[in-house]
Chemist: 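One structure coming up, written as structure tokens, with questions to follow.
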Amino acid sequence: MTVRVRFFAQFRERYGGDHRVEPAPGATVADVVRSVAGTGADEDSAIGPDGALRDYVILMRNGTRLEHDEAETTTVEDGDELAVFPPVAGG
Amino acid sequence: MTVRVRFFAQFRERYGGDHRVEPAPGATVADVVRSVAGTGADEDSAIGPDGALRDYVILMRNGTRLEHDEAETTTVEDGDELAVFPPVAGG
Amino acid sequence: METELHVRVQEEDVAIDDLLRRARRSGVGGIVLFDGIVRDDDCEALELEAYEAAAVAELERVARDAGERHRLAFVAVVHRTGRLAVGENILVIVAAAGHRAEAFAACREILEAIKAGVPIWKKEYGPGGDRWVRGEHWPAEGA
Amino acid sequence: METELHVRVQEEDVAIDDLLRRARRSGVGGIVLFDGIVRDDDCEALELEAYEAAAVAELERVARDAGERHRLAFVAVVHRTGRLAVGENILVIVAAAGHRAEAFAACREILEAIKAGVPIWKKEYGPGGDRWVRGEHWPAEGA
């Protein structure tokens, strides 16, 4: 099983923009993101020292937004594209 | 004394666009307009059969709007430009 | 900030690209443009007539007021006269401000002020003949 | 009325004249255009980054919704990415409707929807270094 994980803006600079990971069966979206981003004590990390996604982090799975609690319960599937980014600032 | 009287839109078509008149001393703005436009029974005349300006008619003297009662009391001066027109419809 | 004004009543078409180029200047982050065009609903052409000196003076007053109220860097108002075919520009307003809210508010206010009080008139030419358009501020019947 | 959409996320500049030409069509009497440009306040250039596939899908949804709600004949949304200098176009929105009220409302609603929810980010480059812009919908501190 291969899952693509993409980071944007400051998270792209920190973690790299594009990752292919091969999660174990049963891994959740949050598990996969943690497997790439690890944890961080500083505010600009996507994941806090407790392993939870920062409140302001936005997640998409195949172009659809996922709430943080859904990310902890939704298991990934082969070919999924996950996206992790801060609040938008276009326009 | 010479006063210019200009009509616009449907009034221009009815009365002609540009008149030079030589009013008697003491003539009011309304007197001068009546001297050109006369009176009319139909709705599209600037002046009604009673000699009063139609309610919707707008008057300017040298680029400044004049209310109808002011037009009846304001005497014209040499070189004045009077303008008579219906409500605007630009934009 | 002094607002730069570009106000015209003219027969020629409007050079919209030039106006936008002039609007892009220091301090400007948002530009709102309104383009009013001859609609094909019930007419084939419009004839626009202006009391030109008074119309220019009134457009300048309207543009300057909006410029001050909304701290615009640049405002353009170009109103055409003469015979215009379906699809042609009638009126172009450009409002350039630091931020979007001021640009939108100014552009809209200028447009409403023009419809309410600038001495310009329209005659519609259509299959059923021609008629002078009663503006939105024509008094109600019997008023 | 089916609304014709023109939605792009692109590095190239926006051909505004072409968009206005396409907007002038049957049934259209009012066109409102918003042009967001790089302001010189506290930066020398911007770098714009998009999650492109998701941004295009979201812009299309926003444009289609506004088109239906305000019965637009044509709507264009072009958002640029890459490095943009002061004075360059960032975003152009064009809304073409029968009447001015719908065109203004649609253009503004599209702009607000973009600022609220389209995955595009800006990095400012200035004399004091560079920083990612926190959008207007960034949660309050401690939220």
Side-chain angles (χ1 to χ4, degrees), chain A residues 2-20 29 32-33 36-37 40-50 52-71 74 76 79-91, chain D residues 7 9 34-39 43 46-62 77-82 84 89-93 107-124 130-143:
Chain A
T2 304
V3 170
R4 187 177 180 190
V5 186
R6 303 180 67 180
F7 293 91
F8 293 95
Q10 46 269 60
F11 296 152
R12 173 183 54 74
E13 291 181 337
R14 184 181 184 116
Y15 302 115
D18 205 350
H19 301 263
R20 311 258 161 185
V29 168
V32 172
V33 174
V36 181
D42 60 311
E43 262 194 12
D44 292 338
S45 63
I47 294 170
D50 58 353
L53 287 154
R54 299 278 183 192
D55 284 343
Y56 66 86
V57 171
I58 298 170
L59 280 179
M60 276 188 166
R61 177 179 176 237
N62 302 324
T64 302
R65 265 186 80 155
L66 219 55
E67 296 306 320
H68 290 189
D69 52 357
E70 293 176 290
T74 304
V76 291
D80 273 358
E81 176 172 308
L82 307 180
V84 182
F85 51 81
V88 307
Chain D
V7 174
V9 172
F34 175 78
D35 183 7
I37 66 176
V38 182
R39 199 176 45 234
C43 81
L46 281 184
E47 181 90 29
L48 280 108
E49 177 174 337
Y51 179 13
E52 192 165 321
V56 169
E58 185 64 10
L59 290 177
E60 282 177 349
R61 193 188 61 74
V62 162
V77 183
V78 183
H79 205 306
R80 294 180 71 194
T81 56
L84 302 178
N89 300 314
I90 301 169
L91 164 66
V92 174
I93 302 167
C107 189
R108 185 68 189 269
E109 288 173 23
I110 291 168
L111 178 52
E112 299 307 322
I114 290 169
K115 292 203 176 264
V118 176
I120 299 177
W121 303 270
K122 283 178 188 149
K123 190 173 197 175
E124 285 181 354
D130 53 67
R131 67 174 194 94
W132 287 96
V133 177
R134 292 196 166 197
E136 298 174 12
H137 295 262
W138 190 282
E141 299 295 332

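Order of the sequence lines sets the chain letters (A, B, ...), proteins ahead of strands, with each chain counted from 1. Model, not experiment: these values are computed from the prediction.
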Chemist: Could you grab the distance from atom CZ of D:Arg131 to atom CD of A:Gln10, nearest 0.5 Å is fine?
Modeler: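 D:Arg131 atom CZ to A:Gln10 atom CD measures 10.5 Å (nearest 0.5 Å).
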Chemist: Can you check whether A:Phe8 reaches D:Pro119 side chain to side chain, under 4.5 Å on heavy atoms?
Modeler: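 Of all side-chain heavy-atom pairs linking D:Pro119 with A:Phe8, none is under 4.5 Å.
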Chemist: Output the option from A:Gly63, A:Pro86, A:Gly90, A:Ala9 having the highest count of non-hydrogen pairs under 4.5 Å with chain D.
Modeler: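 Sorted descending by pairs with chain D, the first entry is A:Ala9.
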Chemist: Taking all heavy atoms of A:Met60 and all of D:Tyr51, pick out the closest pair and write down the distance.
Modeler: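 For A:Met60 and D:Tyr51, the tightest heavy-atom pair comes out as SD-CE2, 3.8 Å.
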Chemist: Grab the two heavy atoms, one from A:Val88 and one from D:Ile114, that are nearest each other, plus how far apart they are.
Modeler: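 It is CG2-O, 4.2 Å.
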Chemist: Go through the atoms of D:Ala57 and report whether side chain, backbone, both or neither lie under 4.5 Å from a heavy atom of chain A.
Modeler: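 When you check distances to chain A, no heavy atom of D:Ala57 falls under 4.5 Å.
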Chemist: Check whether more than 12 heavy atoms from other residues, nucleotides or ligands sit under 6.0 Å from atom CZ of A:Arg14, and answer yes or no.
Modeler: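 Counting other residues, nucleotides and ligands, CZ of A:Arg14 exceeds 12 neighbours.
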Chemist: By a 4.5 Å heavy-atom criterion (distance strictly below it), what part of A:Arg12 contacts chain D: side chain, backbone, both, or neither?
Modeler: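 For A:Arg12, the contact with chain D is made by the side chain alone.
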Chemist: Does any backbone or side-chain atom of D:Ala116 lie under 4.5 Å from a heavy atom of chain A? Answer side chain, backbone, both or neither.
Modeler: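 Contact with chain A involves the backbone of D:Ala116 alone.
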Chemist: Please report the interatomic distance CH2(D:Trp121) to CZ(A:Phe11), rounded to the nearest 0.5 Å.
Modeler: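 Between atom CH2 of D:Trp121 and atom CZ of A:Phe11 there are 10.0 Å.
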Chemist: Which bit of D:Leu91 comes within less than 4.5 Å of chain A, counting heavy atoms only: side chain, backbone, both or neither?
Modeler: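 The answer is the side chain of D:Leu91.
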Chemist: Which answer fits D:Ile90, side chain, backbone, both or neither, if we ask what part of it has an atom under 4.5 Å from a heavy atom of chain A?
Modeler: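 Just its side chain gets close to chain A.
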Chemist: Before accepting this row, confirm whether a basic side-chain N of the pair A:Glu13/D:Lys123 lies closer than 4.0 Å to the acidic partner's carboxylate O.
Modeler: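 Salt bridge between A:Glu13 and D:Lys123, a charged N being under 4.0 Å from a carboxylate O: yes.
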